[in-house]
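Comments concern the structure below.
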2 protein chains.
Amino acid sequence: MKFFRMTNQREVILEEIGRYKGHPTADLLYERIKKKLPHISLATVYRNLEILSEVGKIRKLEISGRQKRFDRELKEHNHIYCLQCHRIDNIHMVSEQMLASGSEKEIGYKISGCRIEFFGICPECQRKNKPQKQNESADSHVTCKLNTRQREVLAALESYTTPCTGKDIAAMTSLEAAQVSCQLASLKKKGLVASPARWKYKITKAGKDAL
Amino acid sequence: MKFFRMTNQREVILEEIGRYKGHPTADLLYERIKKKLPHISLATVYRNLEILSEVGKIRKLEISGRQKRFDRELKEHNHIYCLQCHRIDNIHMVSEQMLASGSEKEIGYKISGCRIEFFGICPECQRKNKPQKQNESADSHVTCKLNTRQREVLAALESYTTPCTGKDIAAMTSLEAAQVSCQLASLKKKGLVASPARWKYKITKAGKDAL
DNA sequence: CCTTGACATAGTAATTATTACTAATTATTT
DNA sequence: AAATAATTAGTAATAATTACTATGTCAAGG
């Protein structure tokens, strides 16, 4: 049997998937991981995602769309997929009842699992679709006066489960650490981010709504 | 609005999908269609599969595996996928009940559909897996003494919904028309194929079992 | 009937996501 | 420490699909 070695690269990959709320693709993970391990190769990311999912540490999704996606969530759940922006969210429901429905016998397959994939339009895209007229107009009074940098910082925070430091955010975005902390201060004053611990920031409900 | 022109190529593509029982991939269809339209381009096949599915004449499946698959079946159904040989079969069951289960509200998505994908081992692969020892031995007494050509003819027939002529089969396989009719005669004698009309052949239950 | 313009086509190039390969490096076992 | 095995970065190769381009076809309006 092959021996599995927990290398530094694998730890970072695993940690990065864990930090990420959604179902990231290999290349997105690669972009993020590169910030920490600048010399890592895309092939290493791909290989390890494959191996980690074989070992059962992560889960590989082969869902709609061109790219495979990965997540850390190991308990059974299904997915819902936005036809418009291609984001994927989790959806929890029993799937066992269907397995028991006698269809297994009916068609002769030995069923080992089931994946349910809903598709539709996610809340965010629904919101985007509604107001079609205000495109040419002011465009700023709706979204609580967020500038590009603030939006970028907020978006980065939004995609993470764990609280981040300013440095983390700088690594995820194109911004410098100084720029980030400046935006964080202003966002905090508006109540769009909270700081559960010194130097640690997370997005608030209001922050999510503002996005 | 764009005008949709039913060209000869599109008719042939549509007909070929209709003739095919499974969920063929673009390149498989291309191989088959080339027999009838030797000058058709793979790009044309791809483009038209896309267009035909937009127009609603066929359905595009984005299921597990690398390639997209297409089928003509327009009423709602779900799929089951063999992890081993990658074949895909239909499975009929109600999916509406899940849509009503309140999860729509729960996550804010506007759900427009749902795809359920079971996976497991298909009957054929199960059969292949069982007898592991007889690999070196005679290898012929089990399968009702089918030779390679007969097997090829039978497999071609098996994949079609409509009765085929010998010429059809010759086109699908690597065999000459004369070779095909010779094999058909012998298969008919064994009861593995039936001839519902003069020059038309279809596979029988016994034929499927023999495969 | 002949031109005009939208739609289609074959053939090919380009792209995207992923996998395979290779030589060098690192860890584990003997 | 030497031998062996696993892993890596970097790059080449592959598979499926899409984009591009020049040419061709068809149907309608002058």
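Keep in mind that what you see is a predicted model, and the values were worked out from it rather than measured. Quick note on labels: first sequence line is chain A, next is B, and so on, each numbered from 1.
Listed nucleotides dA20(C), dT18(D), dA5(D) differ in distance to K68(B); the shortest reach to its side chain belongs to dT18(D). Which of dT18(C), dG10(D), dT17(D) sits closest to the side chain of A26(B) comes down to dT17(D). Across dT7(D), dA10(C), dA20(C), the shortest atom-to-atom separation from the side chain of R5(A) is found for dT7(D).
Looking only at side-chain heavy atoms (C-beta outward), V45(A) and F70(A) stay at 4.5 Å or farther from each other. In this structure, Y201(B) and V153(B) have side chains that are not in contact, with every pair of non-hydrogen atoms separated by 4.5 Å or more.
Of the side-chain N and O atoms in R10(B), one or more sit less than 4.0 angstrom from OP1 or OP2 of dT9(C). Between T7(A) and the phosphate of dA27(C), there is no side-chain N or O to OP1/OP2 separation shorter than 4.0 Å. Taking only side-chain nitrogens and oxygens, R47(B) comes nearer than 4.0 Å to OP1 or OP2 of dT9(C). A close approach under 4.0 Å does occur between a side-chain nitrogen or oxygen of N48(A) and OP1 or OP2 of dT8(D).
Mapping E50(B) and Q9(A) onto DNA chain D via the closest heavy atom, the residue that lands nearer the 5' end is Q9(A). Along DNA chain C, the nucleotide nearest P38(B) and the nucleotide nearest F4(B) are compared for position; the residue whose nucleotide lies closer to the 5' end is F4(B).
Within a 6.0 Å radius of NZ in K34(A), more than 12 heavy atoms belonging to other residues, nucleotides or ligands are found.
In this structure, I51(B) places its CD1 atom 7 Å from P of dT9(C), rounding to the nearest Å. dT29(C) atom P lies 6 Å from atom CZ of F3(A), rounded to whole Å. At whole-Å resolution of the value, NZ in K34(A) and P in dG10(D) are 11 Å apart. Separating the CD1 atom of I13(A) from the P atom of dA9(D) is a distance of 8 Å, rounded to the nearest angstrom. One interatomic measurement links the two molecules: CE of M6(A) to C1' of dT26(C), which rounds to 17 Å at whole-angstrom precision. dA8(C) atom P lies 11 Å from atom CD of E54(B), rounded to whole Å. Distance OH (Y46(B)) to C1' (dA19(D)): 14 Å, rounded to an integer number of Å. In this structure, E31(A) atom CD and dT16(C) atom C1' are separated by 14 Å, rounded to whole Å.
Within the 4.0 angstrom heavy-atom criterion, no nucleotide atom of any strand lies near D27(B). Within the nucleic acid shown, L42(A) comes within 4.0 Å of at least one base atom, counting heavy atoms only. If you check every strand for non-hydrogen atoms under 4.0 Å, T44(A) touches a base.
If you run salt bridge (charged side-chain N to carboxylate O under 4.0 Å, His left out) between E15(A) and each of K36(A), R10(A), R72(A), K57(A), only K36(A) comes through.
Contact record, S41(A) with Y30(A): C-CE1, 3.8 Å, taken as the closest heavy-atom pair.
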